[in-house]
Amino acid sequence: MKRIAVYCGSSIGASSDYEQAAIALGNELAQRGIGLVYGGSRTGLMGAVADAVLKAGGEVIGIIPHHLAHREIAHEQLTKLIKVDSMHERKHQMMDLSDGFIAMPGGAGTMEEYFEVITWSQIGLHKKPCGLLNVKGYYNPLIHLFDHMVQEQFLKGRYAALNLVAEQPHELLEQMANFRHPDEL
Ligand code: AMP
């Protein structure tokens with residue numbers, strides 16, 4: 001994996017554990033020589049992960065729509081900041097540039113972006129690994145919901161495996177490196 005997209009909160013969260021996890025993920029990416037692709041903001045966990053990668057000497061590509069550059073405070077010290085015209089173009093470019101996708105804790109925006117890459121994998125539009133960094137069990141309710149979807153037969157069991165989960169960045173990156181899409185097994 002050359003680059004990974006990280007979706008995460010534009011807020012910092014209620015506990016400093018979230019920021020620490022963003023820094024740990026940024027360090028881990030830089031150590032492995034994996035570039036970060038993200039939404040280009042300086043705020044919240046988005047800023048924390050980008051700063052950690054930059055500080056550790058790694059590559060960071062930010063992609064931000066013009067209309068959000070002010071509101072989300074575009075990060076001007078990135079390796080590359082790409083300004084685009086729409087949210088759709090942002091997501092499209094993030095997906096194209098990345099070899100895998102991670103969701104750290106975040107809000108509705110993070111979920112929207114993560115669900116798009118999961119659902120596109122389900123219908124075969126890409127075969128790249130997708131994973132949740134489950135800091136402090138933040139995603140436990142979502143993981144239960146996925147189990148419930150399988151149990152109630154609204155999600156095929158084999159597609160539940162598209163959603164990798166780990167508490168530590170190195171574990172998640174290992175799982176992603178070893179991922180094979182269920183359609184190829
Ligand atoms: P949040 O998790 O709500 O703090 O949002 C994290 C990031 O997701 C922010 O950069 C938002 O701009 C972005 N975002 C919010 N809604 C959408 C959307 N509909 N499509 C793509 N990105 C979004």
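We count ligands from 1, going down the list as the structure has it; atoms in each ligand are counted the same way.
- Using a non-hydrogen distance threshold of 4.0 Å, Gly39 does not register as a contact of ligand 1.
- One finds a salt bridge joining Asp183 and Arg158 here, because a Lys/Arg side-chain nitrogen approaches an Asp/Glu carboxylate oxygen to under 4.0 Å.
- Near Leu68, the atoms of ligand 1 lying under 4.0 angstrom from a non-hydrogen atom of the residue are 12 (O).
- Protein heavy atom at the shortest distance from atom 13 (C) of ligand 1 is Arg90 NH1, 3.4 Å.
- The distance from ligand 1 to the heavy atoms of Lys91 drops below 4.0 Å at these ligand atoms: 20 (N), 21 (C).
- Using 4.0 Å as the threshold, Met111 has no heavy atom nearer than that to any atom of ligand 1.
- In terms of protein heavy-atom proximity, atom 16 (N) of ligand 1 is closest to Gly109 CA, 3.7 Å.
- With a heavy-atom cut-off of 4.0 Å, Ala108 touches ligand 1 through its backbone alone.
- If you number the atoms of ligand 1 from 1 as listed, the ones under 4.0 Å from a heavy atom of Cys8 come out as 6 (C).
- Considering only non-hydrogen atoms, atom 14 (N) of ligand 1 lies nearest to Met87 out of Glu112, His88, Met87, Glu116.
- Looking from atom 7 (C) of ligand 1 to the surrounding protein, the closest heavy atom is Glu113 OE1, 3.7 Å.
- Using a 4.0 Å cut-off to heavy atoms of Gly9, the atoms of ligand 1 that qualify are 2 (O), 4 (O).
- Against a heavy-atom cut-off of under 4.0 Å, Glu72 is close to the following atoms of ligand 1: 9 (C), 10 (O), 11 (C), 12 (O).
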